[in-house]
**Student:** 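Got a structure for you, questions after.
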Amino acid sequence: MAAKILKKLIIFAAGPWSGKSKSARCRGRNDDMDNKELEIIPGAVHVDLYDRKDIIPFDKIELFFKKNL
């Protein structure tokens, strides 16, 4: 049952880039998702969100899953 629920939840954390990669990632294949959210992290680039704990929005991620699980 957990796998069925988790397949319907997604949260993206991304830097404020523009162009094809943003629209492809945030729309398209995930249009059928029930609960999805996009968090834009000002000043961040792709690799910042791997290990820069000072800019990763842990509070928003936690709130998203508490609200949707």
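Along the sequence shown, residues are numbered consecutively beginning with 1. Remember, predicted model here, so these are calculated numbers, not experimental data.
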**Student:** Please list every donor-acceptor pair under 3.5 Å in which a side-chain atom of residues 53-64 meets a protein atom from a residue at least two apart or in another chain.
**Tutor:**
| residue | atom | partner | partner atom | Å |
| --- | --- | --- | --- | --- |
| D54 | OD1 | R52 | NE | 3.3 |
| D54 | OD2 | R52 | NH2 | 2.9 |
| K60 | NZ | E39 | OE1 | 3.3 |
| E62 | OE2 | K66 | NZ | 3.0 |

**Student:** To the nearest 0.5 Å, tell me how far K36 NZ sits from I10 CD1.
**Tutor:** 8.5 Å
**Student:** For residues D48 and I41, determine if any side-chain heavy atom of one lies less than 4.5 Å from a side-chain heavy atom of the other.
**Tutor:**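 They are not in contact (no side-chain heavy atoms under 4.5 Å apart), so the answer is no.
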**Student:** If hydrophobic clusters are built from ILVMFWY residues whose side chains come within less than 4.5 Å, do V45 and L38 share one?
**Tutor:** no
